[in-house]
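What follows is a short report on a single structure.
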Number of protein chains: 2
Amino acid sequence: MNTRNAALTRSDGTPVRVLVVDDEPDLAEVVTGALRYEGWDVRSAGSADAALREARTFRPDAVVLDIMLPDRDGLSVLRDLRAEQPHVCVLFLTARDAVEDRINGITAGGDDYVTKPFSLGELVARLQGLLRRAGMTRERAAGSLLVVGDLELDEDAHEVTRGGDPIDLSPTEFQLLRCLMRHTRRVLSKTQLLDLVWSYDFGGQAHVVELYISYLRKKIDSGRAPMIHTVRGTGYVLRPAHR
Amino acid sequence: MNTRNAALTRSDGTPVRVLVVDDEPDLAEVVTGALRYEGWDVRSAGSADAALREARTFRPDAVVLDIMLPDRDGLSVLRDLRAEQPHVCVLFLTARDAVEDRINGITAGGDDYVTKPFSLGELVARLQGLLRRAGMTRERAAGSLLVVGDLELDEDAHEVTRGGDPIDLSPTEFQLLRCLMRHTRRVLSKTQLLDLVWSYDFGGQAHVVELYISYLRKKIDSGRAPMIHTVRGTGYVLRPAHR
DNA sequence: GCAACCTCTGAGCGGGCTCTGAGCCGGCGC
DNA sequence: GCGCCGGCTCAGAGCCCGCTCAGAGGTTGC
């Protein structure tokens, strides 16, 4: 399990089921790994046909679906999926400049997509958002609010407050904080943070993580009991500001 | 569920039932998805015969009906539907230059229509309007008024006021604002807004959204505490003014 | 048939965001 | 005590994102 918080589960208590469909084995592997790390039950397929076959027996709650598959068009796969399982959530993967007109209207149906290259944290967050909104998980009630001590982060509203005071963050700062809050009390290495927050094709150094941690501290910890702690030689932890 | 507001339900508490009838699978899929996202119980049919068969068992509260079906004329389908279920609401889909005199006869009966290509937000709003007027939902009382802070939008009257002052908006501006107001305090990406407010066949870029947001701000926020906020890298949110 | 309005495209610009590099500090080991 | 290494912070360059303006084309209404 990844977090101290219970892993996201379905209403019957079993882990959420996700099917990953991508024809690039490397990418599929990375995504699959990240989702398993979330404690979910993950399977993968390399083609549309395989995906539909797998879906029939596996009955996933959500599908991560590359829109550029060798054999079939993304929207038609969606249609076939929905025909058998009307309530499955779909998260599309698409190239930045891909002809997006093929998926016009997708987000209006509650489905979502991320453009390649994406960060794994983003992918997971989007997927959780989909599942939450579909009412498919136990966390329905909790909504989109992450709370650690007097620090609150609303994923839907993109609002962050500490002790009630609003704090505004840049996109990267926001993602980094979300990531820390998701894994409260667990030390995350710079490499892990790099893998989660930055796109998988980011070539930069771990130094950026330090930099962004320092930005975050300025906005969140300055003048208060610190919540972000560094564990020398290992990484960073977020903890409620003791007492 | 999609909105903060509870899903529209029938007076007995079960979800509203909608039957979508269209012979273009892609369009039907998108429409079906959008309605399902509203929390409704949706089924679809690709032909008039299938529709009538489905209606007999499904007993929908409303039908979204393409007037140009391959096998039968839309109006005759309407007659047959009404013969069995006199109180069903019907929303027609029709081509822009369709014979209007026939349409006029229809709307006199309390039904409504939208012309292709339409926006999904418009479709949903019209359908809600129909159901509301038919007294088929719990929200009857709430009426067609959306309120956020001192900003009010009347969906039926197409009127908008802020702090009591009337504001007039172009059709697109109106739809965009309605969409933002329906999802108060939730960040909507430009893509989402594009999918909801613009027609499903719109090929343009997300840039238009920025443009219309700027128009809206001029009319709604200028000289007052801003309500429309941009979340860099993500989208836009509407929030009650100040604090 | 003309005028007013609406919608969208394109371009320019301003500013925030991201990342690089360098210097500094403090802890820890030799 | 000295040097090294890991982490922190500052400053700055470049880029990208979002905002706005101006204008073309289309539509509506008179």
Side-chain angles (χ1 to χ4, degrees), chain A residues 96-97 101 104 115 117-119 121-122 158 160 167-177 180 187-194 196-199 201-222 226 228-237, chain B residues 95-97 100 115-119 121-122 158 160 167-177 180 187-194 196-222 226 228-237:
Chain A
R96 167 143 311 232
D97 294 327
D101 47 2
N104 260 358
T115 56
F118 49 84
S119 77
E122 181 72 15
H158 252 248
V160 176
I167 294 173
D168 68 64
L169 303 179
S170 77
T172 307
E173 289 162 3
F174 184 85
Q175 277 216 68
L176 180 57
L177 181 60
L180 289 171
V187 181
L188 295 169
S189 71
K190 289 177 209 172
T191 312
Q192 279 179 304
L193 290 169
L194 216 50
L196 281 169
V197 175
W198 276 262
S199 313
D201 68 342
F202 179 69
Q205 296 302 315
H207 175 56
V208 248
V209 180
E210 296 167 18
L211 187 60
Y212 272 86
I213 288 284
S214 108
Y215 292 156
L216 267 188
R217 289 212 243 239
K218 243 180 264 173
K219 294 186 175 180
I220 287 166
D221 281 349
S222 105
I228 301 173
H229 305 270
T230 110
V231 181
R232 221 181 150 75
T234 310
Y236 300 94
V237 212
Chain B
R96 168 148 308 243
D97 48 2
E100 301 230 344
T115 57
K116 291 186 183 182
F118 49 85
S119 77
E122 181 71 16
H158 254 247
V160 177
I167 293 172
D168 66 63
L169 301 179
S170 78
T172 307
E173 289 162 2
F174 182 84
Q175 278 214 68
L176 180 56
L177 182 60
L180 289 171
V187 179
L188 296 171
S189 71
K190 288 176 208 173
T191 311
Q192 281 177 304
L193 291 169
L194 219 49
L196 281 168
V197 175
W198 275 262
S199 314
Y200 53 81
D201 68 343
F202 180 69
Q205 295 302 315
H207 175 57
V208 238
V209 180
E210 296 167 18
L211 188 61
Y212 273 86
I213 287 284
S214 109
Y215 293 156
L216 266 188
R217 288 212 243 240
K218 248 180 254 173
K219 294 185 175 180
I220 287 166
D221 281 349
S222 106
I228 301 173
H229 304 269
T230 114
V231 179
R232 208 159 220 270
T234 308
Y236 299 94
V237 212

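Naming: A, B, ... by sequence-line order, numbering from 1 per chain. Any value given below was found using the heavy atoms of this structure, including those in side chains, with hydrogens, waters and symmetry copies removed.
Rounded to a whole Å, the CG atom of B/L216 is 13 Å from the P atom of C/dC6. The distance between atom NZ of A/K190 and atom P of D/dG6, rounded to the nearest whole Å, is 9 Å. Atom CZ in B/R232 sits roughly 12 Å away from atom P in C/dG15 (whole-Å rounding). Atom NZ in B/K219 sits about 6 Å away from atom P in C/dC6, given to the nearest Å. Atom pair A/R217:CZ and D/dG7:P shows a separation of 11 Å (rounding to whole Å applied). In this structure, A/Q175 places its CD atom 11 Å from P of C/dC19, rounding to the nearest Å. A/F174 places its CZ atom 16 Å from the C1' atom of C/dC17, with the value rounded to the nearest Å.
If you check D/dC19, C/dT18, D/dT9 against the side chain of A/T172, the one that comes closest is C/dT18. Listed nucleotides: C/dC17, C/dC19, C/dC8. Nearest to the side chain of B/F202: C/dC8. Closest approach to the B/Y215 side chain among C/dC17, D/dG7, C/dT7 is made by C/dT7 (side chain taken as heavy atoms from C-beta onward). Taking the side chain of A/H207 as heavy atoms from C-beta on, and the options C/dT20, D/dC21, D/dG7, the nearest nucleotide is C/dT20. Considering only the side chain of A/P171, C/dC17 comes nearest among C/dT7, D/dC21, C/dC17. Taking only side-chain atoms of B/Y212, from C-beta outward, the nucleotide of D/dG6, C/dC17, C/dT7 with the closest atom is C/dT7.
Contact between the side-chain N/O atoms of A/S214 and the OP1/OP2 oxygens of D/dT9 is found at a separation under 4.0 Å.
Looking at A/H158 and B/T234, their side chains come closer than 4.5 Å, going by heavy atoms from C-beta outward. Side-chain contact between A/V208 and A/L194 is present, with at least one heavy-atom pair separated by less than 4.5 Å.
The aromatic rings of B/W198 and B/Y212 sit perpendicular, their planes meeting at an angle over 60°, well past the 30° parallel limit.
Applying the salt bridge (Lys or Arg N to Asp or Glu O under 4.0 Å) test to pairs two or more places apart or on separate chains, those with a residue in residues 203-221 of chain B are B/R162-B/D221, B/E173-B/K219, B/K190-B/E210.
Closest-nucleotide positions on DNA chain C for B/G204 and A/L211 were compared, and the one nearer the 5' end corresponds to B/G204.
By the neighbour-count criterion of 12 heavy atoms within 6.0 Å, atom CG of B/D201 is densely surrounded, having more than that number from other residues, nucleotides or ligands.
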